[in-house]
Amino acid sequence: MLIAQITDMHVVAEGELAMGSVDAAAALTAAVDRLNGFSPQPDIVVITGDLTDGGQADQYRNLRRLLAPMKAPFIVLPGNHDDRAAMREAFADHAYLPQSGPFLHSVIEDHPLRIVTLDTVDPGSSGGRLCADRLAWLDAALAAAPDRPTLLALHHPPFDTGIGFMDRIGLEGSDGLAAVVSRHPQVERVICGHVHRPVQVRFAGTLASIAPSTAHQIPLTLDPDQPDAWLREPAGMCLFLWTGQQLVGHTLYIGEFGDLTLY
Ligand SMILES: [Fe+2]
Ligand SMILES: [Fe+2]
């Protein structure tokens, strides 16, 4: 089984640029083309939040238009730039998304690897939050299938990256998440977005990783006082190959970099 993770597309309305400078639509189209040309095709694409830049209906309309050519099926979860109500409306045909209740969590049972998505959004805040209700939901969702290897997906990483300005808008409640995950050793990996660059760490007895954005990236700086910054490093996505025994993680860059000719 092959799972693709794309994240942080920050799509705006048709014809507009994200932050006045980033052509997020062209970037997402390039990501979709890259995936459509990949063989084998992913069984599922998990989209880990910040789907749009402002959570508005016209941005979700543009997102649906841009995702329509993607051959592989996909699932979505929200990030801090998303709006739950607008997302529910835009993805009303996505039956795994709850149509009521406060959170957009989901469980996808259709594949050899079970996928659980967790909503970390704290409306009005760039950081995320896992309250007792959300942790209890996750604990029960994982307890329902202890023998099924599981991928857990959420927007805000439950760990500090050393990148000060992103850690300051991190996840409140990550200790609670670690406590839940450590009780469920079937969790093969925790995948996240939000940080716009690839990062990996050991977390609660499993692995946790962040995928690069399909659009703009943040510079790697480990200076805690560095102010916010963005750059045009290569966009990318992650691919996870489930062999039946192991989940192998890859980073796939998007763009034309040229083949190496050896003499
Ligand atoms: Fe983002
Ligand atoms: Fe984010």
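Atoms within each ligand, like the ligands themselves, are counted from 1 in listed order.
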> Vertex the Fe ion (ligand 2): angle to OD1 of Asn80 and NE2 of His155, to 10°?
Replying inline: 90°

> Which is the closest N/O/S atom of Asp50 when seen from the Fe ion (ligand 1)?
Replying inline: OD2

Does any donor atom in the side chain of [X] or [Y] lie under 3.5 Å from an acceptor atom in the other side chain?
| X | Y | result |
| --- | --- | --- |
| His194 | His81 | no |
| Asp8 | Thr214 | no |
| Asp139 | His184 | yes |
| Glu188 | Thr206 | no |

> What is the NE2(His196)-the Fe ion (ligand 1)-OD2(Asp8) angle, to the nearest 10 degrees?
Replying inline: 90°

>> Tell me which N, O or S atom from His194 is the closest to the Fe ion (ligand 2).
In response: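 Atom name of the closest N, O or S in His194: ND1.
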
>> Under 2.8 Å from the Fe ion (ligand 1) - does any N, O or S atom of His10 fall there?
In response: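 Given the 2.8 Å cut-off, His10 counts as a ligand of the Fe ion (ligand 1).
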
> Do Trp242 and His111 have ring centres separated by under 6.0 Å?
Replying inline: no

